Number of protein chains: 2
Amino acid sequence: MKEVILSQVYQHPLISAEDLRRIIDAHHPRSFKKGELIYKRGKVLNEYLVLENGLIRSYTHNYHGDEITTDFFGQYEVVIEVLSLFQRTPLQEDLHALTDGCGWTIQYDTFQELYHTIPGLSEWGRLWMTNKLFQFKQKSIDIITQSARARYLDILTNKPQIIRHAPLKQIASFLGITDTSLSRIRKDIG
Amino acid sequence: MKEVILSQVYQHPLISAEDLRRIIDAHHPRSFKKGELIYKRGKVLNEYLVLENGLIRSYTHNYHGDEITTDFFGQYEVVIEVLSLFQRTPLQEDLHALTDGCGWTIQYDTFQELYHTIPGLSEWGRLWMTNKLFQFKQKSIDIITQSARARYLDILTNKPQIIRHAPLKQIASFLGITDTSLSRIRKDIG
DNA sequence: CCAATTTCTTGCCATAAGACAAGAACAATC
DNA sequence: GATTGTTCTTGTCTTATGGCAAGAAATTGG
């Protein structure tokens with residue numbers, strides 16, 4: 001299973017079979033229970049996690065103290081907060097398991113060494129960043145141009161596991177509305 | 001001036017003086033007039049631009065055909081759409097000069113060569129991406145948690161040149177409100 | 001299996017922002 | 001400097017969402 005997941009995630013034309021082997025070998029197993037805090041706010045992130053299964057969310061608090069869910073991570077996704085990992089600053093978010101699950105971690109130092117010795121990996125990393133950047137940019141645009149209802153329907157069709165496992169309040173804060181409003185939207189959809 | 005701007009922008013502990021020299025030499029001058037379309041939607045971006053002075057905005061259209069300003073770029077900023085440059089896909093936005101200005105461009109191929117031969121440059125690139133990612137993430141959170149008025153005041157204090165040069169309608173679409181609403185916010189502020 | 005806690009729904013009223021439209025101010029061009 | 005188009009303001013009315021609060025439903029822990 002390790003090979004299947006990781007060769008999928010690190011797929012890139014410039015990463016050779018041998019390079020891929022080195023990358024895979026650098027990952028260690030990690031499993032977690034529902035409710036577990038996987039990475040805690042305030043600490044500098046020292047690894048990241050490639051998710052084999054389970055659902056994780058990241059959240060922070062606004063000036064008012066309300067919890068804001070900033071992202072959800074599902075199967076085959078990379079659970080990371082890049083600012084903390086690559087700028088060596090304290091995590092600004094908590095990462096929290098919504099279900100039991102497991103995945104594969106790689107330490108910062110190991111990743112750095114591979115990043116500088118496997119040219120394909122720095123290309124891969126840049127592509128990954130590019131995609132993530134695009135996602136967040138698109139999210140900003142969607143919040144501006146789409147109704148909360150449309151954004152909910154979008155999650156419902158594209159990321160149904162979020163709807164299944166995350167409580168309404170967390171989905172609401174991710175969408176940028178209150179739990180009350182989301183409850184009404186759900187009622188309305190039927 | 002070229003040296004001042006570019007050594008500022010490419011400042012990084014792992015970039016040596018010689019590396020910096022190579023990077024600087026790879027940049028070519030580019031100037032533009034107010035209103036000029038600097039990069040056009042539909043084409044694959046083949047270079048990026050480090051801005052010496054002037055103000056540029058990127059915009060796209062929503063499903064309704066309305067223009068949405070997605071970003072503004074000022075002095076010392078890197079004018080780029082990473083998805084197009086690094087994934088070799090057509091630009092999804094137009095980049096449009098709000099004022100006369102000038103800066104320094106570097107071609108994709110040249111950048112790639114430097115990226116893979118100067119280890120510090122791939123670190124620099126990753127840091128840049130990290131920051132940009134953080135900005136967009138923060139923008140999503142701000143749209144959700146702050147009022148349009150608060151976000152306008154934020155631009156007013158932190159990026160006043162935008163308020164000075166961009167027409168109200170473009171600022172409004174960047175904030176995610178209508179020009180009418182922004183006009184009322186301005187009136188209210190006094 | 002019951003008590004405690006959390007999550008979700010619903011009602012009522014308040015508010016920020018939108019839609020549309022008319023006109024004023026400003027800028028650009030000949 | 002008159003004409004034309006663009007940008008900005010203002011008015012009226014509508015709508016999506018929020019704030020607060022009460023109760024129902026579901027989940028969790030002994």
Side-chain angles (χ1 to χ4, degrees), chain A residues 33-37 55 57 59 61-69 72 94 96-100 140-156 162-190, chain B residues 33-37 55 57 59 61-69 72 94 96-100 140-156 162-190:
Chain A
K33 291 274 159 209
K34 179 175 176 178
E36 195 174 319
L37 268 191
L55 186 64
R57 73 169 180 129
Y59 65 93
H61 297 267
N62 68 7
Y63 66 102
H64 221 109
D66 308 318
E67 240 182 44
I68 307 279
T69 297
F72 290 101
D94 284 313
H96 163 233
L98 289 167
T99 64
D100 292 358
S140 303
I141 295 174
D142 288 348
I143 295 171
I144 286 176
T145 60
Q146 313 267 106
S147 66
R149 189 177 199 276
R151 278 177 289 133
Y152 178 76
L153 287 171
D154 187 59
I155 293 180
L156 194 59
I162 294 177
I163 310 292
R164 276 202 305 279
H165 295 294
L168 180 139
K169 199 176 176 175
Q170 291 170 12
I171 302 169
S173 79
F174 181 69
L175 289 170
I177 57 177
T178 56
D179 51 348
T180 310
S181 295
L182 181 53
S183 175
R184 292 193 173 112
I185 288 170
R186 277 188 173 173
K187 183 188 178 187
D188 186 51
I189 288 168
Chain B
K33 290 274 161 209
K34 179 175 176 177
E36 192 174 321
L37 268 190
L55 186 65
R57 72 168 182 130
Y59 66 94
H61 297 267
N62 67 9
Y63 66 102
H64 219 108
D66 308 318
E67 241 183 45
I68 307 278
T69 297
F72 290 101
D94 284 313
H96 163 233
L98 288 167
T99 63
D100 292 359
S140 302
I141 295 174
D142 287 349
I143 295 171
I144 285 176
T145 61
Q146 314 267 107
S147 67
R149 190 176 199 274
R151 277 177 290 134
Y152 178 76
L153 287 172
D154 186 60
I155 294 179
L156 194 58
I162 293 178
I163 309 292
R164 276 203 305 278
H165 295 293
L168 178 138
K169 200 176 177 174
Q170 293 169 10
I171 301 169
S173 78
F174 181 68
L175 289 171
I177 57 177
T178 56
D179 52 348
T180 309
S181 294
L182 182 53
S183 175
R184 291 194 171 112
I185 288 169
R186 275 188 172 170
K187 184 190 179 187
D188 186 53
I189 289 167

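Keep in mind the model is a prediction, meaning the values are calculated, not measured.
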Non-hydrogen side-chain atoms of B/Y152 and B/L182 separated by less than 4.5 Å: yes
A/K33 atom NZ is separated from D/dT28 atom C1', nearest whole Å, by 16 Å
- Message: Go through it in stages, so that I can follow the logic: the residues are B/D142 and B/R151, the test is salt bridge (charged side-chain N to carboxylate O under 4.0 Å, His left out), and I'd like the CA-CA distance, side-chain angles, deciding distance and then a yes or no.
- Response: CA-CA 8 Å; B/D142 287 349; B/R151 277 177 290 134; over 6 Å; no
note: A/Y152, atom OH; C/dC8, atom C1'; distance rounded to Å ~ 12 Å
* Asked: Is there side-chain contact between B/I163 and B/R186, with at least one heavy-atom pair below 4.5 Å?
  -> yes
When rounded to the nearest 0.5 Å, the distance separating CD1 of B/I162 from CD1 of B/I155 is 5.5 Å
The contact string for nucleotides 9-21 of chain D, one letter per nucleotide 5' to 3', using protein heavy atoms under 4.0 Å with B, S and - for base, sugar-phosphate only and none, comes out as BBBB----SSBB-
message = Are the side chains of A/H61 and A/D66 in contact, using a 4.5 Å heavy-atom criterion?
response = no
For residues 164-176 of chain B, please give each side-chain donor-acceptor pair under 3.5 Å, one per line with the distance, not counting sequence neighbours.
| unit_1 | atom_1 | unit_2 | atom_2 | d |
| --- | --- | --- | --- | --- |
| B/Q170 | OE1 | B/R57 | NE | 3.3 |
| B/S173 | OG | B/T69 | N | 2.8 |
| B/S173 | OG | B/T69 | OG1 | 3.4 |
| B/S173 | OG | B/Q170 | O | 3.2 |

Are the side chains of B/K34 and B/L98 in touch, meaning some heavy atoms are under 4.5 Å apart? no
Any protein N or O atoms within reach of nucleotides 23-30 of chain C? Criterion: under 3.5 Å, listing atom names and distances.
none

Separation between CD1 (B/I189) and CG (B/L156), nearest 0.5 Å, reads 6.5 Å
B/H165 atom NE2 is separated from D/dT7 atom C1', nearest whole Å, by 17 Å
Between CG of A/D188 and P of C/dT10 the distance, given in whole Å, is 11 Å
